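The structure displayed is predicted, hence computed values, not measured ones. Labels below follow one simple rule: chain letters A, B, ... track the order of the sequence lines, proteins then strands, and each chain is numbered from 1.
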Amino acid sequence: MQERYAPQSVEQDAQAYWDASGSFRVAEDASKPKYYCLSMFPYPSGKLHMGHVRNYTIGDVITRYHRMRGYNVLQPMGWDAFGLPAENAAMANKVPPAKWTHDNIAYMRSQLKGLGFAIDWTRELATCSPEYYKWNQWLFVRLFKKGLAYKKTGVVNWDPVDQTVLANEQVIDGKGWRTGAVVEKREIPMYFLRISAYAEELLAALDGMTGWPEQVKLMQKNWIGKSEGVRFGFPYQLNGESKVLNVFTTRADTIMGVTFCAVAAEHPLALHAAQNNPALAKFIEECKQGAVIEAELAQQEKKGMPTGLTVTHPISGDQVPVWVGNYVLMSYGDGAVMGVPAHDERDYEFANKYGLPINPVIRTASGDAVPAPWKPEYAEYGTNINSGKYDGLEFKASVNAVAADLKAKGLGDKHVQWRLRDWGISRQRYWGCPVPIIHCKACGDVPVPEKDLPVVLPENLVPDGTGNPLNKLTSFLDCSCPKCGQPARRETDTMDTFVDSSWYFARFACPGNDQAMVDERAGYWMAVDQYIGGIEHAILHLLYSRFFMRVMRDEGLLNVTEPFTNLLTQGMVLAELYYYDNPEGRREWINPADVTVERDAKGRAIAAKRKSDGVVVVADGIGTMSKSKNNGVDPQALIEKYGADTARFFIIFTSPPTQSLEWSDEGVEGSFRFLKRVWHYASTLGRPGKSPTPELRKATRFEIHSVLKQANYDLGKHQFNTVASATMKILNALEKLQDPSSEEAKEGLSILLRLLSPITPHLGHHLWKALGFGEDILKAPWPEPDPKALEQDEIEYVVQVGGKTRGSLKAPKAADRPALEALVTASSLVQKYVTGQAIRKIVIVPGRLINVVV
RNA sequence: GCCGGAAUGGCGGAAUUGGUAGACGCAGCGGACUCAAAAUCCGCCGACUAAUCAUCGUAAGGGUUCGAGUCCCUUUUCCGGCACCA
């Protein structure tokens, strides 16, 4: 074989072989255990970025490992092809989103193929194809008829200049990204999916999901947000009518401390009060300015204004003033809260700002009073004081008593409140799946009949930034009512792209079926055994997918509840940041590839300069690879220079999959160097070397098999970086043996290649065959350590005196406790460090450690 | 602001899950080979120290334990999400 490692030809040959032999095409096969390995499908943004390469490399390692372990492994690929960036690109280039999207898919597909992923390409799908989104529409119609999809108003960001709805991303500091106009909140009719109907089930099932990271389950739990408390009303009179202002609280025990109520700016009571109160009307108008983004709402200054109205305290009968507060969310509960300044931090701040009374009603760790400044103890549970009949009660008893009294008055009861809101899926955008509804003057909202599906999206339009171009397309708009046949208007809103991505994994199991959303093949492949994707999807995408599986289950489409048995959330890909402020005062971000770093004698960076002109640049730490900071590394350039295997090896070796990965060009060089070393060693296999001693031979086998044992353990917990290290350790051991003709060398290399092949499949494929180990490494069995190689006569014990490590001691394998104690007390180590002190006891960890306590 | 993470040499990371901190690699330093360079190979490489011993050392402070990077409490900084980016 060739002595020089030439990745390009090796990789092309391997890919051609896999292609010709259909290596990764899979079908349902009852004779083998199935394994469905899925990485989150990409948005076709133009070209692959490093995050994609990392995601798919991790998935490919898992896929290939399980394949060699004897599983029938499905790894499909598709395109999350609807979405906002296509419309932006269309506006910029005056090209329809469809063309832009399809061109991007073609290019990115070729990139994925060049990386050698073990993908079954016969199952490829794109969510923008009518064959796919037809089933979004089909399911929507079924849910609409069932009441699980419904219409109500929802709040959106409104750009008053472009007269269009903006995505949160298009709102920058409360202003429209194109117009700079101050964005307003606006209520418009939208379709919602009733995810709240599944809140209890989605929450309860988390406990049984042992294959998911705890942190993700916790985030989902908090997002669903089950709160147990009391919902009750404050009665009031309005225009001679008796009404109640409903609130929800988890702290009904503090009800006697209520000194005000606060309602959201959109609350009917606020709107009513504003009718004869210009100042309040103005305040409510102000609250409407700005975006709907919750993070911004939560951080804005808490402001309020009295409505002039009062309501009656349901227990004491006192009059309680009603305020409008910009911190009260209309979307949570009833859009109104009771204010207990003494025991709630937000209410405390609000009361202090506006001079409202603060009445302590709980004896806490800080006593009976609540002097400023606020202390967290004020909000803790305690004993009721100043609370009349409730005095002396503890939290639970107090809540029960209050709830019982409210119930007796017909004003309230215990209540479970969810944070999770129904899912608004309407988007006032063109490049998405049309919502299959027809608006008829006589019949109202009529779903499109199944026989007329799909409602096909016209693909030749170019949006101009002033709203959905479908609104101007009469050939799309004009239709007849499916019920009465009269002229009607087609809905132009499209669906949230999260709808597309909530069930694609089930469709991968059923390619080509134009008669059904999914079929019995989904029964074989689902659930996904291993799902891999970014931690940024921990809540929304994963929660929506869990919801969709339940909906599809309840529609009788498939018998699966949880879509993803095991979840791996990969970390972000980061790179160094460099900038310099140019003479015009503009900050220019310099790509790390264009920067040279000078170092001192210890290797610490002392200065950075731009390569082209030597101008000094500022190192600004590290950050996620992004266009705006110009620190992206193009995978394509890397693959062309070093080959796909080096890129894959570097990505796997540098960080464990769940942690962030810091890019380093030197690290890539190091990975390439290692693959060259493997190649070179392989080319010498069988060549006579020095004659190693029997001890060295035994030590080499011991090393290789211990490393293999650890690597197999690490593979099980998806810690692939140490598996890559293991392959390096094996090569180090083989080179130290200095005899490529030995049995140890042959065995060692065959283990090395199989460990390496999921990471660097092209190299593995080529060398396996070239060295005569077999025809196809994919069909080779996974290596297991030989217990004989791991046998040892002596065990090395760590010796500690008083918990401090003082050295080590070799003891016979069979030595029992008294023997070890005798050995250690006689040892020079203990003689040296105990020096006259009495030995209190001796702690022995079998096979590992002896600690002499003095 | 709320929810969830993370922090170990100059750098990426490892540590058999409470048992020799720094595996493996990068960078750096020294050497071999070479007319020379590149490539390759060998050695060194936490701080303090001339070196050894000793001591210190896993973001900061406290605690539990024979023993803590690992468990508990407090704090700091950074990262992800916050419902229309995907």
Could you check whether any side-chain heavy atom of [X] comes within less than 4.5 Å of a side-chain heavy atom of [Y], counting everything from C-beta outward?
| X | Y | answer |
| --- | --- | --- |
| Asp159(A) | Gln170(A) | no |
| Trp177(A) | Glu169(A) | no |
| Met209(A) | Arg546(A) | yes |
| Met40(A) | His541(A) | yes |
| Val165(A) | Trp158(A) | yes |
| Tyr681(A) | Leu734(A) | yes |

Whether Glu349(A) and Arg346(A) form a salt bridge (side-chain N of Lys/Arg under 4.0 Å from carboxylate O of Asp/Glu) is what I want to check.
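Between Glu349(A) and Arg346(A) there is no salt bridge, as every charged N stays at least 4.0 Å from the carboxylate O atoms.
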
Salt-bridge contact Glu821(A)-Arg817(A) (side-chain N to carboxylate O under 4.0 Å):
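Here Glu821(A) pairs with Arg817(A) in a salt bridge, since their nearest N and O are under 4.0 Å apart.
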
Taking atom [atom1] in both [N] and [M], compute the distance separating them and give it to the nearest angstrom.
| N | M | atom1 | answer |
| --- | --- | --- | --- |
| A39(B) | C48(B) | P | 31 Å |
| A6(B) | U55(B) | P | 33 Å |
| G18(B) | U64(B) | C1' | 12 Å |
| U52(B) | G61(B) | C1' | 34 Å |
| U75(B) | A7(B) | C1' | 14 Å |
| G69(B) | U8(B) | C1' | 7 Å |
| C66(B) | G4(B) | P | 33 Å |
| U20(B) | A59(B) | C1' | 24 Å |

Where the side chain of Arg677(A) is defined as all heavy atoms beyond and including C-beta, which of A14(B), C66(B), C41(B) is the nearest nucleotide?
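When the side chain of Arg677(A) is considered, C41(B) is the closest of A14(B), C66(B), C41(B).
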
Glu666(A) has a side chain; which of A27(B), G19(B), G13(B) sits nearest to it?
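Closest of the options to the side chain of Glu666(A): A27(B).
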
Starting at [atom1] of [X] and ending at [atom2] of [N], how long is that distance when rounded to a whole Å?
| X | N | atom1 | atom2 | result |
| --- | --- | --- | --- | --- |
| Ile651(A) | G13(B) | CD1 | P | 14 Å |
| Phe650(A) | A27(B) | CZ | P | 12 Å |
| Glu576(A) | C11(B) | CD | P | 12 Å |
| Leu731(A) | A23(B) | CG | C1' | 16 Å |
| Leu574(A) | A7(B) | CG | P | 14 Å |
| Asn851(A) | G18(B) | CG | P | 17 Å |
| Lys717(A) | U16(B) | NZ | P | 7 Å |
| Arg54(A) | G12(B) | CZ | P | 14 Å |

Reading nucleotides 75-86 of chain B from the 5' end, what letters show protein touch, with B for base, S for backbone sugar-phosphate only, - for no heavy atom under 4.0 Å?
-----BSBBBSB

For Glu796(A) and for Ser655(A), locate the closest nucleotide of RNA chain B by heavy-atom distance; then report the residue assigned to the nucleotide nearer the 5' terminus.
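The 5'-side residue here is Ser655(A).
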
With RNA chain B as reference, determine whether Gln800(A) or Lys804(A) sits nearer its 5' end, using the nearest nucleotide of each.
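Its nearest nucleotide lies further toward 5', so the answer is Gln800(A).
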
Can you find a side chain N or O atom of [X] that sits less than 4.0 Å from OP1 or OP2 on [N]?
| X | N | value |
| --- | --- | --- |
| Arg673(A) | A27(B) | yes |
| Thr658(A) | G5(B) | no |
| Asn222(A) | C2(B) | no |

Secondary structure of RNA chain B per the Watson-Crick/G-U criterion (both distances under 3.5 Å; [ ] crossing, | other strand, . unpaired) is (((((((..(((......[....))).(((((.......))))).((.......))..(((((..]....))))))))))))....

Of Thr494(A), Asn468(A), Asp496(A), which meets side chain to side chain donor-acceptor pair (under 3.5 Å) against Arg427(A)?
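When Thr494(A), Asn468(A), Asp496(A) are each tested with Arg427(A), the side chain to side chain donor-acceptor pair (under 3.5 Å) holds only for Asp496(A).
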
Among Phe672(A), Trp663(A), Phe674(A), which residue satisfies the ring-ring contact (aromatic ring centres under 6.0 Å, His included) criterion with Phe650(A)?
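That would be Trp663(A); it is the only one of Phe672(A), Trp663(A), Phe674(A) passing the ring-ring contact (aromatic ring centres under 6.0 Å, His included) with Phe650(A).
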
Indicate, with a heavy-atom threshold strictly under 4.0 Å, whether [X] touches base, sugar-phosphate, or nothing.
| X | result |
| --- | --- |
| Phe653(A) | base |
| Thr654(A) | sugar-phosphate |
| Glu214(A) | nothing |
| Arg806(A) | sugar-phosphate |
| Ser725(A) | base |

What's the spacing between Arg54(A) CZ and Ile58(A) CD1 if we round to 0.5 Å?
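Going from CZ on Arg54(A) over to CD1 on Ile58(A), the span is 5.0 Å.
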
Would G80(B) be called syn or anti, given that syn covers angles within 90° of 0?
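Anti.
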
Glycosidic class, syn or anti, of U17(B) using a 90° window around 0:
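Nucleotide U17(B) adopts syn.
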
Could you tell me how the ring of Tyr531(A) sits relative to the ring of Tyr504(A): parallel (under 30°), tilted (30 to 60°) or perpendicular (over 60°)?
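Tyr531(A) vs Tyr504(A) ring planes: tilted.
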
